[in-house]
Number of protein chains: 2
Amino acid sequence: MEIQQAIIIFDALSQETRLRAFRLLVAAGPEGLPAGAISEQLSTPHNTMSFHLNHLFNAGIVTSRKVGRSVIYAANFDEMRELIGFMVKDCCSQDMATIREDAVSGCSIIELTGCCSDKTQK
Amino acid sequence: MEIQQAIIIFDALSQETRLRAFRLLVAAGPEGLPAGAISEQLSTPHNTMSFHLNHLFNAGIVTSRKVGRSVIYAANFDEMRELIGFMVKDCCSQDMATIREDAVSGCSIIELTGCCSDKTQK
DNA sequence: GTTGTATTTCCATACGTCTAGAATAATGGA
DNA sequence: TCCATTATTCTAGACGTATGGAAATACAAC
């Protein structure tokens, strides 16, 4: 992931309404939620929420699709995984975090090593 | 990690000068770098960089200590690990990312599973 | 004390973001 | 067609952020 893309995603997630909306979509899973349900659950006016959902969409961390009158938003898990990979590779010490690809399982395996082991469990 | 703290860190990292400064500090390791070296390497005026370093400090992702006339900033790796943990737990699907604590090694082990395996290697 | 170096604080300006009322667009049902 | 529903776009105001020149602070060396 490019640093510019990481900045755009950090910016998208650095606002409470947007981060809460995104976590709601994460909890909702791949099926996603209609815009109205999100604004209702977060007690935010429709137009304000629309502004924030558009922000998340432009950042690439949610997708949207029209179903009848509704617009269904869903979290983009691939992009989120890439962001986590960026943070581990570029924003964490190699002594304290490593990431490797496991070709067999198709997984990225990250190990976060505590320098002060008792703080790791927080 | 609380959602409020995550927002503060995302905000701190959502600005190019700050993200570059932070990555410089990550590369520098626990020893850190003096403020002047950071502003020089990023070709940013001292006062502007001081503003951004203070922002990173307030967010808790860098530490600072005075040594003679210099102020040495260093990345706070513990806080960064916590943020990665927050993202995996709260911002990623359980189907696609799991985190578990390994008591023996004191490591947090994260597995990022690709839903579309060929995208995982990007 | 004076000078030079390292960094922060003060300040004004320019620019960007958040909010929500009102209007608009798109769709489905009676 | 007419109405209700769902969501977005338009707009203006309030507020927050980034920038860098100038001044102030802190420290070390002479």
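In this text the structure is predicted, and so the values were computed from the model without any measurement. Lettering of chains follows the sequences in order, A, B, ..., and the numbering in each one begins at 1. What's counted below: heavy atoms across the whole structure, side chains too, no hydrogens, waters or symmetry copies.
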With a 4.0 Å cut-off (strictly under) to non-hydrogen atoms of chain A, the first and last hit nts on DNA chain D, 5' to 3', are D:dA4 to D:dT9
5'-most contact on DNA chain C (nearest-nucleotide basis), A:V67 vs A:T17, goes to A:T17
In this structure, CG of B:L56 is separated from CG of B:N76 (nearest 0.5 Å) by 11.0 Å
In short, A:S14 meets B:I7 closest at the heavy-atom pair O-CG2, 3.4 Å
On a heavy-atom basis, the closest approach of A:P30 and A:F77 is N-CE1, 4.2 Å
Here the gap from A:L83 atom CG to A:F10 atom CZ, rounded to the nearest 0.5 Å, amounts to 5.0 Å
Identify whether any heavy atom of A:F57 sits under 4.0 Å from a base atom; if not, whether one sits that close to sugar-phosphate; answer base, sugar-phosphate or nothing.
nothing
Sorted by number, residues from residues 43-54 of chain A placing a heavy atom under 4.0 Å from DNA chain C are A:P45, A:N47, A:T48, A:F51, A:H52
In this structure, CD1 of A:I8 is separated from CD of A:E79 (nearest 0.5 Å) by 9.5 Å
At a 4.0 Å cut-off to heavy atoms of chain A, the contacted part of DNA chain C spans C:dC18 to C:dG28
Using a 4.5 Å side-chain heavy-atom cut-off and chaining through intermediate ILVMFWY residues, the residues clustered with B:I72 come out as B:V67
Side-chain polar contacts of residues 19-28 of chain B - donor-acceptor pairs under 3.5 angstrom, sequence neighbours left out - could you list them?
unit_1 : atom_1 : unit_2 : atom_2 : d
B:R20  : NE     : B:E16  : OE2    : 3.0
B:R20  : NH2    : B:E16  : OE2    : 2.8
B:R23  : NH1    : A:D90  : OD2    : 2.4

Between the NE2 atom in A:H52 and the CG atom in A:N47, the distance rounded to the nearest 0.5 Å is 10.0 Å
Heavy-atom nearest nucleotide on DNA chain C taken for A:R18 and for B:V71; more 5' hit belongs to B:V71
Going by chain and number, the hydrophobic cluster around B:F51 (ILVMFWY, side chain to side chain under 4.5 Å) further includes none
Value for CE (A:M87) from CD (A:E82), rounded to nearest 0.5 Å, stands at 14.0 Å
